[in-house]
Amino acid sequence: DIKVGNEEPRRIEIVLFGKTHPKAAENFRLLCTGEKGFAQDGTKLHYKGSKVFELLGWAYMAFGDFYSNRKCGISASEPFFPESYKIGHNGSGYISMVPCRLETVANHGKVNSMFQIMGVEFPMNDDHAPVIGKVLFRDDIDWILNNILRKYGDELGALHYSRFIP
């Protein structure tokens, strides 16, 4: 379920690519359901209540940064290297895991909780952000993007808006 501002939550149906990414898909599922409980530091291992931390217009939106430091997030397990990069960011609705940032040298390239939902085809992410699933219905993607862009636009605050610089 995704809630934007005061809008009623909307259930978004997602198919996970568990055969290609068994560990990443299971990690994502556990964070969606909250089954793992809490991390050692007491952080809730659940996407519920997490905010969009990055938005690139209609291209993509990123979620799941529980620590708000945009470096590595948290995982239902330890950060891990993705199983594959076989599936590309071939259009709207693809979901990929965001790798840990360079600042976290020990975990660089590993994935955990941070993920993005593509609004458009985005092949520049194909070799470093593994695609682990897809939103089933285009209307759901349009609803998410329209509501987030309408509510936040360019403002900063609960939403970190980043501009793409090639």
Side-chain angles (χ1 to χ4, degrees), residues 1-5 7 9-10 12-17 21 24-25 27-32 34 39 43-76 79-82 85 87-104 107-136 138 140-166:
D1 294 333
I2 292 182
K3 183 175 183 195
V4 179
E7 298 279 330
R10 181 163 172 161
I12 307 299
E13 292 185 50
I14 296 169
V15 62
L16 295 174
F17 304 145
H21 292 287
N27 181 64
F28 185 85
R29 187 192 72 75
L30 290 170
L31 292 167
C32 285
T43 302
K44 178 177 62 167
L45 293 171
H46 199 298
Y47 285 130
K48 185 177 182 177
S50 68
K51 295 181 168 79
V52 173
F53 72 87
E54 190 170 43
L55 176 67
L56 180 58
W58 287 93
Y60 69 81
M61 62 207 114
F63 303 84
D65 182 5
F66 298 111
Y67 292 115
S68 299
N69 63 14
R70 302 186 65 228
K71 291 182 181 176
C72 202
I74 194 166
S75 179
F80 55 91
F81 287 107
Y85 295 97
I87 303 167
H89 296 75
N90 297 327
S92 179
Y94 282 90
I95 296 172
S96 61
M97 301 307 292
V98 177
C100 295
R101 305 283 198 235
L102 285 170
E103 300 89 21
T104 56
N107 291 324
H108 178 65
K110 294 180 180 179
V111 296
N112 50 36
S113 63
M114 298 187 303
F115 71 97
Q116 51 198 345
I117 299 176
M118 299 293 111
V120 297
E121 184 176 358
F122 211 75
M124 65 186 67
N125 277 1
D126 287 352
D127 63 350
H128 67 275
V131 174
I132 63 153
K134 190 169 193 301
V135 175
L136 287 179
R138 173 68 203 200
D140 289 338
I141 301 153
D142 291 342
W143 179 87
I144 297 166
L145 282 165
N146 280 321
N147 279 290
I148 289 173
L149 288 169
R150 186 181 75 234
K151 177 160 178 52
Y152 297 106
D154 283 340
E155 73 183 64
L156 296 170
L159 172 72
H160 170 77
Y161 183 85
S162 70
R163 301 196 189 302
F164 177 71
I165 301 171

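Quick note: numbers below take in every heavy atom, side chains included, and nothing from hydrogens, waters or symmetry partners.
- In this structure, CG on Leu16 lies 5.5 Å from CD1 on Ile132, to the nearest 0.5 angstrom.
- Closest approach of Pro99 and Met114 over heavy atoms only: O-CE, 4.2 Å.
- In this structure, SG in Cys32 is found 13.0 Å from NZ in Lys48, a value given to the nearest 0.5 Å.
- Panel note: side chain Ser113, backbone Gly64; a donor-acceptor pair is recorded below 3.5 Å.
- Here the shortest heavy-atom pairing between Val111 and Pro82 reads CG1-CG, 4.3 Å.
- Aromatic ring orientation, Tyr47 versus Phe28: tilted (interplanar angle from 30° to 60°).
- Panel note: side chain Asp126, backbone His89; a donor-acceptor pair is recorded below 3.5 Å.
- Separation of atoms CG (Leu31) and CG (Leu45) is listed at 6.5 Å; rounding is to 0.5 Å.
- Phe122 has its ring centre no less than 6.0 Å from the ring centre of Tyr94.
- Side-chain atoms of Phe81 and Lys110, non-hydrogen and from C-beta on, do get closer than 4.5 Å to each other.
- Of all the heavy atoms in His128 and Met124, the pair that sits closest is CE1-O, 3.3 Å.
- Among all heavy-atom pairs drawn from Ile87 and Val131, the shortest one is O-CG2, 3.4 Å.
- Contact check for Ile2 versus Ile144: side-chain heavy atoms found under the 4.5 Å cut-off.
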* **Test log, rule side chain to side chain contact (heavy atoms under 4.5 Å, CB included), inputs Val120 and Ser92** => CA-CA 4 Å; Val120 297; Ser92 179; 6.0 Å; no
* To do: Report the C-alpha distance between Trp143 and Arg10 in whole Å, list the side-chain angles of each, state the deciding distance to 0.1 Å, and finish with yes or no for side chain to side chain contact (heavy atoms under 4.5 Å, CB included).
  => CA-CA 9 Å; Trp143 179 87; Arg10 181 163 172 161; 3.0 Å; yes
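- Remark: Lys134 NZ to Met118 CE distance equals 12.0 Å, nearest 0.5 Å.
- Note that CD1 of Ile95 is 15.5 Å distant from OH of Tyr60, once rounded to the nearest 0.5 Å.
- For the atom pair CD1 of Ile117 and CE of Met61, the computed distance is 5.0 Å after rounding to the nearest 0.5 Å.
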